[in-house]
Amino acid sequence: MAAAIGVRTDYTSADLRRFARRCGDGDQVRRLLAVALILGGGSRSEAAKVAGVTLQIVRDWVLRFNDGGPEGLATRKAPGRASILNDEQRARLAEIVEAGPIPAAHGVLRWRLADLAEWVWDEFGLSVTLHTLGRELRAMGGAAQGSSDAKHRWKGCGGYRKLSARPRHRGQKSDDIAIFKKGFAARLAQIKRQLPKGTPVELWWQDEARVGQQTKRTRRWAKRGTRPSALKDQRRSSAWIFGAICPADGKAAGLVMPRCNSEAMSMHLEEIAVHVAPGAHAVVIVDQAGWHGSAELVVPPNITLVPLPPRCPELNPIENVWQFMRDNWLSNRIFKSYDDIVDHCCHAWNKLVDQPWRIMSLGLRQWAHGF
């Protein structure tokens, strides 16, 4: 019979038991205690009996321990099948997904898995199922920042998902968003210098949302192969929610008004001023709607307005608040009258105010709050 494989001696039985007490992996703890038993003078058969495995498995554990120490006994994920796409091909796939299809060349206006599978076949000569391609896309992310190596460009942190696109104005300048973000900290510091020393500053975001009888139809769960129906009104009564959020503190201030004008905006600024902490100053970020910069606008002394670049609503996190409220509280329903619209808008806004964690989750932005 062949001699038993020796166990490395730079660790003692007590060392492995201490390591096992700190370990959160139950399977690794079992392996550590089995090897600790051997190091303490026990036989391989005893270790196998204690661990509930065969002698061959104990032998494999000893080999792993000799090769990598206690870390070598950690639970390892099975490698699985080799990926169909290599890193270079994933980088190419990520580029074409980000760029979108060319209608004249690809014959479609948006990518489907079937279109991308056809592109993979035309480009690389690889046949890939829609399920496999979908799994590849979910595991991939955007281009890694600061990486020029093609093999690493596809790696990201979130993978691709099929998401609804947000409208972008055709007149938006490509650099406006980056320039505003880059200079935002300096702009905020300039406002602070004009205030009395030690004045706390609150960052608020303001916008308006129209809610009418022709509500949005949202996605819903339904059986495959069916198309669920939803109520749709043809009447046109509507109201406007004037909303503002302070994500850092989870606060919100809102009014429901019949129309958008300077008078309504002045009343909303008064409402925001009431919610600003005593002794603090509010920097309110607004878009460039006409009533936001009107000469008739009355701005309270504890508020400073900062306009966003033109045609850049994606910089305003309250747009996410409107989407959330419409998707969950204000869609797929029939409003009987204007008063009914106002009641539902007030109820939805008050429901949001009662959820400060929701305001923080939807509104916090690293570029605005991370300094």
Side-chain angles (χ1 to χ4, degrees), residues 1-95 97 113 117 120 124-161 361 366 370:
M1 181 179 293
I5 297 174
V7 185
R8 59 189 293 178
T9 57
D10 52 339
Y11 288 94
T12 66
S13 176
D15 292 336
L16 294 191
R17 294 182 187 277
R18 281 194 296 270
F19 196 94
R21 283 194 292 270
R22 298 193 302 269
C23 181
D25 181 353
D27 290 333
Q28 185 181 5
V29 169
R30 183 172 58 151
R31 301 179 193 115
L32 288 167
L33 293 179
V35 176
L37 180 61
I38 297 172
L39 286 173
S43 67
R44 311 289 170 104
S45 298
E46 291 174 337
K49 184 176 180 180
V50 169
V53 296
T54 65
L55 282 172
Q56 179 62 44
I57 293 178
V58 171
R59 177 181 180 277
D60 294 339
W61 289 353
V62 170
L63 290 174
R64 288 172 58 179
F65 176 72
N66 288 344
D67 184 53
E71 291 79 8
L73 295 176
T75 302
R76 296 180 293 196
K77 186 178 179 180
R81 294 178 57 186
S83 177
I84 295 177
L85 300 177
N86 59 35
D87 288 344
E88 185 70 29
Q89 291 165 341
R90 289 192 189 93
R92 294 282 304 281
L93 179 60
E95 288 174 4
V97 169
L113 286 177
V120 169
F124 308 125
L126 296 174
S127 177
V128 56
T129 67
L130 302 187
H131 176 76
T132 299
L133 184 57
R135 188 173 64 247
E136 287 278 3
L137 288 170
R138 286 190 294 273
M140 291 163 53
Q145 294 183 358
S147 174
S148 59
D149 187 352
K151 148 174 155 175
H152 295 291
R153 281 184 297 170
W154 64 270
K155 293 184 179 178
C157 59
Y160 289 98
R161 299 294 187 273
S361 174
Q366 180 63 33

Which atom names give the shortest non-hydrogen contact between [X] and [Y], and what distance separates them?
{"X": "Val29", "Y": "Ala20", "answer": "CG2-O, 3.6 Å"}
{"X": "Leu130", "Y": "Ala117", "answer": "CD2-CB, 3.9 Å"}
{"X": "Ala47", "Y": "Ala34", "answer": "CB-O, 3.6 Å"}

Not counting sequence neighbours, which residues clear side-chain hydrogen bond (donor to acceptor under 3.5 Å, both in side chains) with [X]? List them please.
{"X": "Thr75", "answer": "Asp25, Arg31"}
{"X": "Arg8", "answer": "Asp10"}
{"X": "Thr12", "answer": "Asp15"}

(request) Please list all pairs passing the ring pair (Phe, Tyr, Trp, His ring centres under 6.0 Å) test where one or both residues lie in residues 28-48, with sequence neighbours left out. (result) none
(message) Do Phe65 and Tyr11 make a side-chain contact, defined as non-hydrogen atoms from C-beta onward lying under 4.5 Å apart?
(response) yes
(request) Go through the steps to decide whether Leu73 and Val35 satisfy the test side chain to side chain contact (heavy atoms under 4.5 Å, CB included), and finish with yes or no. (result) CA-CA 10 Å; Leu73 295 176; Val35 176; 4.0 Å; yes
(request) Please step through side chain to side chain contact (heavy atoms under 4.5 Å, CB included) for the pair Ile84 and Val120, ending with a clear verdict. (result) CA-CA 11 Å; Ile84 295 177; Val120 169; over 6 Å; no
(message) Filter on side chain to side chain donor-acceptor pair (under 3.5 Å), then keep only pairs touching residues 57-68, sequence neighbours left out; what's left?
(response) Gln56-Asp60
(request) Any pair with a residue in residues 125-137 that passes salt bridge (Lys or Arg N to Asp or Glu O under 4.0 Å), sequence neighbours left out, goes on the list, sorted by first then second residue, please. (result) Arg90-Glu136
(request) Look at the side chain of Arg161 and the backbone N and O of Arg138, then say whether any donor-acceptor pair between them is shorter than 3.5 Å. (result) yes
(message) Determine whether a donor-acceptor pair (N or O, by modelled atom type, separation under 3.5 Å) exists between the side chain of Glu46 and the backbone of Gly41.
(response) no
(request) State the CG-CD distance between Leu33 and Gln28, to the nearest 0.5 angstrom. (result) 10.5 Å
(message) Testing Leu93, Val128, Thr132 one by one against Leu85 for a side-chain contact (heavy atoms from CB on, under 4.5 Å), which residue passes?
(response) Leu93
(request) Mind running side chain to side chain contact (heavy atoms under 4.5 Å, CB included) on Leu37 and Ser13 for me, showing each step along the way? (result) CA-CA 7 Å; Leu37 180 61; Ser13 176; over 6 Å; no
